[in-house]
Amino acid sequence: MKILITGTAGFIGFHLAEQLLNFGHEVVGIDMVNDYYETKLKKDRLFHSGIRWGHHMSKGKRSFKHKGYIFYKCNLENKVGIDEIFKKEQPQVVCHLAAQAGVRYSIENPDAYIKSNLIGFQNIIEACRAFNIKNFSYASSSSVYGGNQSLPFSENDRVDNPISLYAATKKSNELVAFTYSHLYGISTTGLRFFTVYGPWGRPDMALFLFVKAILSGESINVFNNGNMLRDFTYIDDIVEGIIRVIENPAQIPEETTVLNPTKAPYKIYNIGNNNPVKLMDFIYAIEKSLGKKFKINYLPIQPGDVSKTYANVDSLANELGYRPATPIKVGIDNFLNWYLEYYK
């Protein structure tokens with residue numbers, strides 16, 4: 001298949017593109033490569049996939065490594081540019097992963113989330129309608145569960161009370177996707193990711209920040225005085241879940257549900273490890289792997305953050321035959337091997 005992926009300079013999009021290319025699919029990648037975090041890492045991900053950064057990236061750049069990969073530098077808010085790429089490339093499937101990420105940053109810079117996560121999302125899903133693409137999946141987030149105290153988080157839980165703007169934009173994406181499924185018959189599947197980590201990860205995420213600090217002899221900030229529970233999910237498990245969704249687009253259900261009252265081809269899946277870890281145990285695992293001790297600053301919980309995440313993945317397991325299971329130690333060791341090599 002020819003699969004268009006947004007965010008292929010990003011953490012998840014890069015890994016997904018690599019795996020799909022290895023499976024023999026064609027990939028059309030789109031990314032703005034903004035400076036939310038170091039652009040060098042994003043460009044190095046692209047180079048690893050065979051994309052040399054240079055002039056005229058908006059016209060499309062072919063990979064020197066994968067003959068089936070072409071990359072476009074394009075802003076999600078650029079509707080004309082997005083439509084031109086869809087018209088030229090005629091993808092069969094779209095997986096929309098690009099977004100302005102980060103719960104805490106959404107408090108500092110809300111405009112970035114409105115532009116990328118709302119306007120950008122609308123441009124992508126509208127392009128799917130305009131160019132008759134019926135298989136559309138997209139990144140949602142465990143953040144949509146807000147302060148939900150019912151554990152583990154189920155796709156059937158109410159998610160009407162987001163406690164960050166980031167979470168609100170992701171919930172909005174799910175609502176827009178349902179409407180497009182209902183009105184136009186587009187098969188849409190939302191993917192609620194749970195704390196993704198692994199090689200080539202995002203520098204603003206906990207594991208990256210912690211490892212950088214411990215190797216530099218700096219202290220780390222641990223919020224909510226360490227009383228956090230996170231369903232850390234390894235990147236390979238996330239990618240496998242996405243591929244299962246791409247290969248099995250949402251169908252019209254036989255019966256209506258709370259999530260799907262009009263029997264639209266619409267689906268939501270949690271993709272998490274289904275095995276939450278105490279933040280302090282996660283920190284101890286890093287210390288053990290590196291043979292070093294952290295200097296810790298214990299701080300109150302930050303606005304917009306949640307204390308616990310825990311994914312119920314029964315739908316993923318029962319319907320797509322997959323249950324993420326990479327142990328924390330394996331994932332941390334793989335990340336450390338990459339980090340030490342990449343940063344020398």
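- Residues M228 and I296 fall within the same hydrophobic cluster, defined by Ile, Leu, Val, Met, Phe, Trp and Tyr side chains chained together at heavy-atom separations under 4.5 Å.
- Cation-pi geometry between R230 and F282 is not met: the NZ or CZ atom fails to fall both under 6.0 Å from the ring centre and inside 45° of the normal.
- In this structure a side-chain-to-backbone donor-acceptor pair under 3.5 Å is missing from T256 to T262.
- Under the 6.0 Å distance and 45° angle rule, K87 does not count as a cation-pi partner of F131.
- Between Y69 and H66, the ring-plane angle classifies as perpendicular under the 30° and 60° cut-offs.
- Using a distance-only test at 3.5 Å, with no hydrogens or angles considered, a donor-acceptor pair links the side chain of K263 to the main chain of E254.
- Tracing side-chain contacts under 4.5 Å through hydrophobic residues (I, L, V, M, F, W, Y), one never reaches L21 starting from F47; they form parts of separate clusters.
- Hydrophobic cluster membership differs between F71 and M32, with clusters built from Ile, Leu, Val, Met, Phe, Trp and Tyr side chains linked at under 4.5 angstrom.
- Using a 30° and 60° split on the angle between ring planes, F208 and Y343 fall in the perpendicular class, above 60°.
- Counting non-hydrogen atoms of other residues, nucleotides and ligands closer than 6.0 Å to NZ of K308 gives a total of 12 or fewer.
- Not a single donor-acceptor pair under 3.5 Å links the side chain of S289 to the backbone N or O of D333.
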Evaluate the side chain to side chain contact (heavy atoms under 4.5 Å, CB included) criterion for residues V93 and C95: first the C-alpha distance (whole Å), next the side-chain angles of each, then the deciding distance (0.1 Å), finally the verdict.
-> CA-CA 7 Å; V93 176; C95 183; 5.6 Å; no

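- Rounding to the nearest 0.5 Å gives a distance of 10.5 Å between CZ of F210 and CD of E287.
- A distance of 8.5 Å separates CD1 in I220 from CG in N297, rounded to the nearest 0.5 Å.
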Begin with the C-alpha distance, continue with both residues' side-chain angles, and end with the deciding distance and a verdict on side chain to side chain contact (heavy atoms under 4.5 Å, CB included) for V144 and F153.
-> CA-CA 10 Å; V144 301; F153 296 158; over 6 Å; no

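- Here CG of L191 is found 5.5 Å from OG of S137. Values are rounded to the nearest 0.5 Å.
- Hydrophobic clustering (ILVMFWY, side-chain heavy atoms < 4.5 Å, transitive): L207 and V196 are in one cluster.
- Side-chain atoms of N117 do not come within 3.5 Å of backbone N or O of A99 as any donor-acceptor pair.
- Between K65 and E18, at least one side-chain nitrogen of the basic residue sits less than 4.0 Å from a carboxylate oxygen of the acidic one, meeting the salt-bridge criterion.
- Put simply, the side chain of V27 does not reach to within 4.5 Å of the side chain of L16, judged on heavy atoms.
- Taking CZ from F193 and CG from N270, the interatomic distance works out to 11.0 Å, rounded to the nearest 0.5 Å.
- The same ILVMFWY cluster, assembled from side-chain heavy atoms under 4.5 Å apart, contains both M57 and I5.
- In the model, S63 has no side-chain atom that pairs as donor or acceptor with a side-chain atom of S49 under 3.5 Å.
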Just do the side chain to side chain contact (heavy atoms under 4.5 Å, CB included) check on K42 and F14 with the steps written out, would you?
-> CA-CA 9 Å; K42 297 180 180 183; F14 155 72; over 6 Å; no

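- Using the six-membered ring where Trp is involved, F194 and Y145 have ring planes that are tilted, between 30° and 60° apart.
- In this structure, E247 does not pair ionically with R244, as no charged nitrogen and carboxylate oxygen lie closer than 4.0 Å.
- Distance check: K2 NZ to L20 CG gives 14.5 Å after rounding to the nearest 0.5 Å.
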Report the C-alpha distance between L259 and F178 in whole Å, list the side-chain angles of each, state the deciding distance to 0.1 Å, and finish with yes or no for side chain to side chain contact (heavy atoms under 4.5 Å, CB included).
-> CA-CA 9 Å; L259 271 178; F178 178 83; over 6 Å; no

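- E155 has no carboxylate O lying under 4.0 Å from a charged side-chain N of R192, or vice versa, which leaves the two without a salt bridge.
- Remark: K267 qualifies as a cation-pi partner of Y269 under the 6.0 Å distance and 45° angle criteria applied to the six-membered ring.
- Atom CD of residue Q100 and atom OG1 of residue T169 lie 9.5 Å apart, to the nearest 0.5 angstrom.
- Without hydrogens or angle criteria, E255 side chain to P253 main chain gives no donor-acceptor distance under 3.5 Å.
- With hydrogens and angles disregarded, a donor-acceptor distance shorter than 3.5 Å links the side chain of S181 to the backbone of P265.
- For D237 (side chain) and T326 (main-chain N/O), a donor-acceptor pair under 3.5 Å exists by modelled atom type.
- Open room surrounds NZ on K278; 12 or fewer heavy atoms of other groups in view lie less than 6.0 Å from it.
- Side-chain atoms of D157 come within 3.5 Å of backbone N or O of S154 as a donor-acceptor pair.
- Considering Y339, F335, Y234 as possible partners of Y197, the one that fulfils the ring pair (Phe, Tyr, Trp, His ring centres under 6.0 Å) test is Y234.
- For an aromatic pair to be called close, the ring centres must be under 6.0 Å apart, and H182 with Y266 fails this.
- Under the 30°/60° scheme for interplanar angles, the aromatic rings of Y113 and Y166 are found to stand perpendicular.
- With N273 contributing its side chain and D231 its backbone, the two residues share no donor-acceptor pair below 3.5 Å.
- The aromatic rings of Y105 and Y36 lie tilted to each other, with the angle between the two planes from 30° to 60°.
- With sequence neighbours excluded, the residues that form a side chain to side chain donor-acceptor pair (under 3.5 Å) with E126 are R129, Y180.
- Side-chain atoms of S141 come within 3.5 Å of backbone N or O of S143 as a donor-acceptor pair.
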